[in-house]
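Down below is the structure, laid out as structure tokens.
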Amino acid sequence: MKPLAVLLALAVLGGWLFFRPVLPALPSGPPAYVLASFGVQGLGDGQLNTPRCVLPDGKGICYVLDLSDRVQVFEIATGKFLRLWRLPDVRQGRPERLTLGKDGTLWVADTHYGQVLHYASDGTLLGKFGQEGRQPGQMHYPLALEVLADGRLALSEYGGDDRVQFFELPAGKFLGGFGGPGSGPGQFMRPQGLTQGPDGNLYLADSANHRIQVFSPDGKLLRSFGEPGIATGKLSYPHDLGFDRAGRLVVCEYGAHRLSFWT
């Protein structure tokens, strides 16, 4: 990289010599605007303590998980705090992700307790399932979860098992799974985001392998893309992903501090 040109502005004020760097011009493009924002740091009702997951319901409401023991609910248009509910136990750690069911209820990956919690939209606990462990049907650090079009729950895990499992809802009956730790095709190293695409296939952010892997709804590997790096077209620790209204895959890259858009 060429060194920055430096313009020496010779201005003697009180005996000081000032240097003003001439920075390269930023790329031109359409201006970006913040449309709205809300929230202040804190532990009070409607305050946020390091928010880590937000889930809009498509009807003007969003649910927020932060580093506390609660789920908070806000009106998106105004930021008005509506309600909250407390999680059963967070002494071992806080949940990291939640998703909506087809009926509008919420499913929370209780990451540090090896279980999935099921809530009504008003915070009523409807049920839970899961047992900490590494056997098929057990859960070891469950993280990303997605209610699929056919009503099954797909759930990714990290912490040594690095796999995806399927469960029947709402009872939580184990239906099978795929994956395992490694860097080969169909293997994972810290799988993070998981989503079902418009084509019905499953897209998984294989974070420490710096790639996206694509599977059929029954877990058959179809393809993968991405290689380590921060240049355009490469991936650096993809952490979460989803599809926008234009059908593009949007990837949140933890290691590159950016969002990237893919066909």
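Checked options H140, Q92, Q138; the residue passing with E132 is H140 (criterion: side-chain hydrogen bond (donor to acceptor under 3.5 Å, both in side chains)).
A single hydrophobic cluster is not seen to contain both L143 and L204; linkage of ILVMFWY side chains at heavy-atom distances under 4.5 Å, directly or through other members, places them apart. Transitive grouping of hydrophobic side chains (ILVMFWY, heavy atoms separated by less than 4.5 Å) keeps L67 and F81 in distinct clusters. Residues V54 and L82 do not share a hydrophobic cluster, clusters being chains of Ile/Leu/Val/Met/Phe/Trp/Tyr side chains in contact below 4.5 Å. Cluster membership for L249 and L235, using ILVMFWY side-chain heavy atoms within less than 4.5 angstrom, is shared. A chain of hydrophobic side-chain contacts below 4.5 Å, direct or via other Ile, Leu, Val, Met, Phe, Trp or Tyr residues, connects V71 to I61.
To the nearest 0.5 angstrom, Y237 atom OH is 12.5 Å from I230 atom CD1. To the nearest 0.5 angstrom, W85 atom CH2 is 7.5 Å from D122 atom CG. The structure places CG of L221 at 9.0 Å from CZ of F178, a figure rounded to the nearest 0.5 Å.
In terms of heavy atoms, G104 sits closest to S121 at O-CB, 4.2 Å.
Between the side chains of H239 and E253, no donor N or O sits under 3.5 Å from an acceptor N or O. Side-chain atoms of S236 and H210 form no donor-acceptor pair, as typed in the model, at a separation below 3.5 Å. In this structure, a donor-acceptor pair under 3.5 Å is absent between the side chains of Q192 and S156. Q41 and Q47 share no side-chain donor-acceptor pair at under 3.5 Å.
When atom types are taken as modelled, the side chain of N201 and the backbone of L222 share no donor-acceptor pair closer than 3.5 angstrom. No donor-acceptor pair under 3.5 Å is formed between the side chain of E168 and the backbone N or O of G172. Between the R70 side chain and the L43 main chain, a donor and an acceptor come within less than 3.5 Å of each other. Not one N or O on the side chain of T124 forms a donor-acceptor pair closer than 3.5 Å with the backbone of L126.
Applying the side-chain contact (heavy atoms from CB on, under 4.5 Å) test to K102 and every residue at least two apart in sequence or in another chain returns V147.
Legend: ring-ring contact (aromatic ring centres under 6.0 Å, His included) pairs involving residues 51-73, not counting sequence neighbours: none detected. Under the ring-ring contact (aromatic ring centres under 6.0 Å, His included) criterion, the residue pairs touching residues 184-207 are F188-F215, Y203-F243, with sequence neighbours excluded.
Salt bridge status for E227 with R211: absent, with no side-chain N to carboxylate O gap under 4.0 Å. Salt bridge annotation for D89-R91: present, with a cationic side-chain nitrogen under 4.0 angstrom from a carboxylate oxygen.
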Determine whether K59 and D57 satisfy the following criterion, salt bridge (charged side-chain N to carboxylate O under 4.0 Å, His left out), listing intermediate values before the conclusion. CA-CA 5 Å; K59 300 177 182 178; D57 71 348; over 6 Å; no

